[in-house]
Amino acid sequence: MLAQLPPMGWNSWNTFGHNINEQVVRDTADAIVNLGLKDVGYEYVVIDDCWSLRERDENGRMVADPEKFPSGMKALADYVHSKGLKFGMYSCAGTRTCAGYPGSFDYEFIDAKTFADWGVDFLKYDFCYKPRLAPGPILYNRMGMALKASGREILFSACNWGSDEVEKWIRSTGAHMYRSTGDVNDSFRSFKEIAMSQVDKLGYSGPGCYNDIDMLICGMHGKGNVANGGCTDTEYKVHFALWCLFQSPLMIGSDLSVCNEYNLELMKNKELIAINQDPEARPPMLVNGDRERPIFFKHLANGEYVLAFFNFTDHASDGTWGATCEFYDFGLTANSGYGLHLRDIFTGEDIGLKTEYMNVRVESHDCVIYRGTLEKR
Ligand code: GLA
């Protein structure tokens with residue numbers, strides 16, 4: 001079964017946009033292996049929009065742009081597969097893609113077969129140029145069926161930006177993940193707003209079909225197709241931590257040939273990835289109701305818990321200003337006889353048994369994340 005856990009990989013859009021070509025894809029596949037990203041779970045190498053010619057061929061089939069992909073998609077898929085990775089591509093439920101290339105509207109079964117013939121393992125499916133009266137659920141279901149009929153197992157990645165209350169119907173179309181928001185750009189504000197917009201909708205996300213809060217911007221540092229000022233390394237840490245806590249698919253968006261060491265290590269952080277890949281996929285609970293200094297509590301499959309403190313404000317928060325976590329807010333009262341024995345996942349430090357409440361200092365635009373177990377006090 002596909003997408004038992006949140007899918008992990010790389011997508012071309014955030015950095016390369018229309019400047020995508022087969023050399024970039026090959027180099028990225030090499031980098032995913034050589035940098036140890038494959039070892040921690042990154043698997044899908046996905047070409048986003050702008051890969052095809054502007055017109056279909058005489059048989060109605062999409063054609064890869066021969067200038068960008070001189071060896072053809074089949075050869076590229078073979079290369080990606082030879083690295084032990086999986087190959088992804090992109091199309092759109094409308095008549096054209098968002099960048100104006102042919103879309104799959106009314107060509108769904110032909111296109112799914114073409115992708116299967118090329119050895120595609122993952123299809124991102126966008127929502128631009130959709131005929132106004134054609135319902136999204138039907139269009140996604142049509143491609144969902146076409147992929148199933150294609151003869152190849154293909155992960156179906158829906159991308160309708162959260163329109164039409166997508167979380168309520170997308171599972172029924174066979175999709176394995178679904179974009180729930182507009183596009184991320186490389187700024188703190190963008191990823192913060194995207195993540196927080198989904199806090200109340202994560203209950204729909206789970207094994208088989210995950211809420212996708214967009215590709216990662218970690219390590220982009222203000223360069224690339226979705227540039228918007230960039231983030232500090234610590235802000236990228238907050239970004240990655242939110243994506244892991246929310247169990248979003250993890251699709252790297254940076255150029256791996258220039259991504260700095262901090263961000264490579266961040267995206268390989270085993271503690272965070274373990275939270276992202278937790279098999280029960282239970283949504284975190286917003287404990288304190290504060291959307292600028294949110295505190296989240298989350299169950300893990302092995303019986304442990306995550307307690308995560310974020311600070312989106314411009315001031316450090318400490319016990320006197322916003323970062324007090326009252327344990328009764330997530331149900332652990334003094335009378336329970338229990339506290340939480342916690343470990344800081346970034347420093348590894350065992351901070352011991354905490355009872356009733358915690359004051360945690362969190363620097364501006366930073367986070368502190370603990371993992372631990374209930375323990376008798
Ligand atoms: C939409 C999607 C993006 C990207 C572009 C490509 O905006 O949301 O993720 O795929 O289209 O044109």
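These numbers come from a predicted model, not from an experiment. In listed order, ligands and their atoms are each counted from 1.
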Participant: Mind checking whether F127 and Y140 have ring centres under 6.0 Å apart?
Facilitator: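 When the ring centroids of F127 and Y140 are compared, they turn out to be within the sub-6.0 Å range.
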
Participant: Heavy-atom contacts with K124 under 4.0 Å: which atoms of ligand 1 show up? List them by number with element.
Facilitator: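 Listed by number with element, the hits are 3 (C), 4 (C), 9 (O), 10 (O).
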
Participant: Would Y90 and W51 count as a close aromatic pair, with their ring centres under 6.0 Å?
Facilitator: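 No - the distance between ring centres of Y90 and W51 does not fall below the 6.0 Å cut-off.
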
Participant: Is it true that D78 and K74 make a salt bridge, defined as a side-chain N closer than 4.0 Å to a carboxylate O?
Facilitator: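 Answer for the salt bridge query: yes.
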
Participant: Can you list the atoms of ligand 1 that are under 4.0 Å from a heavy atom of C159?
Facilitator: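 Within the 4.0 Å cut-off of C159, ligand 1 contributes 2 (C), 8 (O).
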
Participant: So, 4.0 Å and heavy atoms of Y90: is ligand 1 close enough to count as a contact?
Facilitator: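 Per 4.0 Å heavy-atom rule, Y90 contacts ligand 1.
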
Participant: With heavy atoms under 4.0 Å as the rule, classify the contact between D126 and ligand 1 as side chain, backbone, both or neither.
Facilitator: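 Under 4.0 Å from ligand 1, D126 contributes side-chain atoms alone.
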
Participant: Could you list all the ring pair (Phe, Tyr, Trp, His ring centres under 6.0 Å) pairs where at least one residue sits in residues 237-281, not counting sequence neighbours?
Facilitator: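 Checked against ring pair (Phe, Tyr, Trp, His ring centres under 6.0 Å) - neighbours excluded - the pairs reaching residues 237-281 are F191-H239, H239-W243, F246-F296.
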
Participant: Is ligand 1 less than 4.0 angstrom away from at least one heavy atom of D48?
Facilitator: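 It does; at least one heavy atom falls under 4.0 Å.
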
Participant: Ion pair present between R61 and D117, side-chain N to carboxylate O less than 4.0 angstrom?
Facilitator: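 Answer for the salt bridge query: yes.
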
Participant: Under 4.0 Å from a heavy atom of R179: give me the atoms of ligand 1 that qualify, with their elements.
Facilitator: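 Counting from 1, the qualifying ligand atoms are 8 (O), 9 (O).
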
Participant: Identify, by atom number and element, the atoms of ligand 1 in contact range of W161, meaning under 4.0 Å from any of its heavy atoms.
Facilitator: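 Per the distance check, 1 (C), 2 (C), 8 (O).
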
Participant: Please could you name the atoms of ligand 1 that C98 approaches to less than 4.0 Å, counting only its heavy atoms?
Facilitator: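 Those atoms are 1 (C), 11 (O), 12 (O).
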
Participant: State yes or no: are the ring centers of H299 and Y305 separated by less than 6.0 Å?
Facilitator: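 So the answer is yes for these two rings.
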
Participant: Heavy atom under 4.0 Å from ligand 1: found in C50's side chain, backbone, both, or neither?
Facilitator: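 Neither; no heavy atom under 4.0 Å.
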
Participant: Output all residues satisfying disulfide bond (SG atoms under 2.5 Å apart) with C98, sequence neighbours left out; order by chain, then residue number.
Facilitator: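 If we apply the disulfide bond (SG atoms under 2.5 Å apart) test to C98, skipping adjacent residues, the hits are C128.
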
Participant: Please check whether D183 reaches ligand 1 - meaning an N/O of the residue sits under 3.5 Å from an N/O of the ligand, judged on distance alone.
Facilitator: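 N/O-N/O distance below 3.5 Å exists for this pair.
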
Participant: Just which atoms of ligand 1 are under 4.0 Å from any heavy atom in D49?
Facilitator: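 Answer for ligand 1: 6 (C), 12 (O).
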
Participant: Salt bridge check: are E363 and R361 linked by an N-O gap of less than 4.0 Å?
Facilitator: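 Looking at R361 together with E363, the answer is yes, because their closest N to O distance falls below 4.0 Å.
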
